[in-house]
Amino acid sequence: GGGGGGKLDPGLIMEQVKVQIAVANAQELLQRMTDKCFRKCIGKPGGALDNSEQKCIAMCMDRYMDSWNTVSRAYNSRLQRERANM
Amino acid sequence: RGHSGSAMDAPSAGLGGADPQLQRFIEVETQKQRFQQLVHQMTELCWEKCMDKPGPKLDSRAETCFVNCVERFIDTSQFILNRLEQTQKSKSAFSESLSD
């Protein structure tokens with residue numbers, strides 16, 4: 001199949017859905033990261049982000065990614081263990 | 001090797017119509033999304049418990065905390081499900097004896 005006139009290509013749809021899901025996940029990550037790093041790095045909001053605040057945010061972003069990856073690995077390990085025990 | 005009522009089962013009846021390829025795709029992506037969502041949620045929760053001041057790297061104490069946090073979160077979830085199941089069982093035994 002594939003290439004027929006006017007027919008929806010399921011392969012293409014699946015790829016598009018995957019992309020949309022990836023975008024949604026990136027947005028979710030960014031939203032939570034912004035929330036956490038704002039809380040950690042910004043005290044009393046001034047007239048602009050000063051250098052220390054910017055440095056803090058940059059480090060915070062990297063640590064958040066590290067944390068996310070650690071959690072992802074730990075959760076995956078747990079799932080494997082659960083499956084092995086079934 | 002069966003398992004009952006796992007949270008990982010995706011109901012697929014009716015989704016994707018008759019196309020098994022699409023149905024399979026939906027199952028897989030749904031499961032992946034469940035995983036992603038839980039990682040987001042646990043990262044958020046465990047960050048509060050495990051992260052003091054963000055430094056130049058994730059030190060081993062924080063890393064251990066995150067790993068423990070994930071394990072304990074899942075333990076908590078299972079504990080709640082199990083206990084709920086038990087209290088339901090004892091409730092129905094109780095109401096059965098009432099109707100005698």
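Fair warning: this is a prediction, and the values are worked out from it, not measured in the lab. Every chain is numbered from 1 and lettered A, B, ... according to where its sequence line falls, protein lines coming before strand lines.
Applying the ring pair (Phe, Tyr, Trp, His ring centres under 6.0 Å) criterion to B:Phe35, with sequence neighbours excluded, gives A:Tyr75.
No path of Ile, Leu, Val, Met, Phe, Trp and Tyr side chains, each step under 4.5 Å between heavy atoms, connects B:Val67 with B:Val39, placing them in separate hydrophobic clusters.
Counting heavy-atom pairs closer than 4.5 Å to chain A, the top residue among B:Glu71, B:Gln33, B:Glu29 is B:Glu71. For chain B, the option among A:Cys56, A:Ala58, A:Ala74 with the highest count of heavy-atom pairs below 4.5 Å is A:Ala74.
Taking non-hydrogen atoms and a 4.5 Å limit, the residue list of residues 20-30 of chain A in contact with chain B, ordered by number, reads A:Ile21, A:Asn25, A:Glu28, A:Leu29.
Formation of a donor-acceptor pair under 3.5 Å by the A:Asn69 side chain with backbone atoms of A:Met65 is found in this model.
Per the SG-SG cut-off, B:Cys65 and B:Cys50 are bridged by a disulfide [distance under 2.5 Å]. Checked against the 2.5 Å cut-off, the SG-SG distance between A:Cys60 and A:Cys37 falls under it.
Residue pairs meeting the salt bridge (charged side-chain N to carboxylate O under 4.0 Å, His left out) criterion with at least one partner in residues 41-64 of chain A, sequence neighbours excluded, are A:Arg63-A:Asp66. Every pair passing salt bridge (charged side-chain N to carboxylate O under 4.0 Å, His left out) that includes a residue from residues 43-61 of chain B is listed here, sequence neighbours excluded: A:Arg32-B:Glu44, A:Lys36-B:Glu48.
For A:Asp35, no part lies near chain B; criterion is any non-hydrogen pair under 4.5 Å.
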